[in-house]
Amino acid sequence: MVYYDSWEEFVDRSLELFRNDPIATRYVMKYRHCDGKLVLKVTNNNDCLKFKTDQAQDAKKMEKLNNIFFALMTRGPDADISEVSGKEQADQQQSKKGRGRRQ
């Protein structure tokens, strides 16, 4: 088991692992409140990739990775993930509603 220091490298290797074997690949996240650590793990029984962090700012990155994996799991491993984003786009769309006066 290898802990990756670089977030980008972890994401790239995780997506590659999933696309090579989508049926056997699992994505697990574990948060330990007492330590304040978040551990993300992607495995297919042969390769195990892990990323550990204690930074609160990495929660946004984790949310985006969740959305990417959800898109790949529902649309298939060859799906286009360029339009997949985190919560910020949904918030922007909701915040635009109701602003201004009705005409």
Find the distance between [atom1] ([X]) and [atom2] ([Y]) and round it off to the nearest 0.5 Å.
{"X": "Lys30", "Y": "Lys50", "atom1": "NZ", "atom2": "NZ", "value": "6.5 Å"}
{"X": "Ile68", "Y": "Met73", "atom1": "CD1", "atom2": "CE", "value": "11.5 Å"}
{"X": "Leu17", "Y": "Leu15", "atom1": "CG", "atom2": "CG", "value": "9.5 Å"}
{"X": "Leu40", "Y": "Met62", "atom1": "CG", "atom2": "CE", "value": "7.0 Å"}
{"X": "Tyr27", "Y": "Leu65", "atom1": "OH", "atom2": "CG", "value": "4.0 Å"}
{"X": "Thr53", "Y": "Lys37", "atom1": "OG1", "atom2": "NZ", "value": "8.0 Å"}

(request) Output, in order, the C-alpha distance, side-chain angles, deciding distance and verdict of side chain to side chain contact (heavy atoms under 4.5 Å, CB included) for Leu72 and Arg19. (result) CA-CA 9 Å; Leu72 290 175; Arg19 286 189 166 138; 3.7 Å; yes

(request) Determine, stepwise, if the pair Lys61 / Asp58 fulfils side chain to side chain contact (heavy atoms under 4.5 Å, CB included). (result) CA-CA 5 Å; Lys61 294 177 185 176; Asp58 288 336; 3.4 Å; yes

(request) Evaluate the side-chain proximity of Thr25 to Val42: yes if any heavy-atom separation is below 4.5 Å, no if none is. (result)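 Counting from C-beta outward, Val42 and Thr25 do come under 4.5 Å.
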
(request) Examine Phe69 together with Phe18 and report whether their ring centres are nearer than 6.0 Å. (result)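 Ring centroids of Phe69 and Phe18 are less than 6.0 Å from each other.
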
(request) Could you label the plane-to-plane angle of the Tyr4 and Phe10 rings as parallel, tilted or perpendicular, counting under 30° as parallel and over 60° as perpendicular? (result)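 It falls in the tilted class, 30° to 60°.
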
(request) Evaluate whether atom CG of Asp5 has more than 12 neighbouring non-hydrogen atoms of other residues, nucleotides or ligands under 6.0 angstrom away. (result)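 Count not over threshold, so no.
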
(message) Do Met29 and Val11 sit in one hydrophobic cluster, given that two such residues count as connected whenever their side-chain heavy atoms are within less than 4.5 Å of each other, even indirectly?
(response)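 Linked, Met29 and Val11 end up in one cluster.
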
(request) May I ask whether Phe51 and Phe70 are part of the same hydrophobic cluster, defined by side-chain heavy atoms of I, L, V, M, F, W, Y residues being less than 4.5 angstrom apart, directly or through others? (result)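 No, no single cluster joins them.
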
(request) Dump the intermediate steps for side chain to side chain contact (heavy atoms under 4.5 Å, CB included) on Leu49 and Thr43, then the final yes or no. (result) CA-CA 6 Å; Leu49 313 171; Thr43 184; over 6 Å; no

(message) I'd like to know if the side chain of Asn44 reaches the main chain of Asn46, judged simply by a donor and an acceptor atom lying under 3.5 Å from each other, with no hydrogens or angles considered.
(response)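 Between the backbone of Asn46 and the side chain of Asn44 there is a qualifying donor-acceptor contact (under 3.5 Å).
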
(request) Walk me through it: do Glu16 and Arg13 pass the test salt bridge (charged side-chain N to carboxylate O under 4.0 Å, His left out)? (result) CA-CA 5 Å; Glu16 178 184 330; Arg13 289 278 298 132; 3.5 Å; yes

(message) Evaluate Val39 against Tyr3 for side chain to side chain contact (heavy atoms under 4.5 Å, CB included), listing each step before the verdict.
(response) CA-CA 9 Å; Val39 177; Tyr3 281 101; 4.3 Å; yes

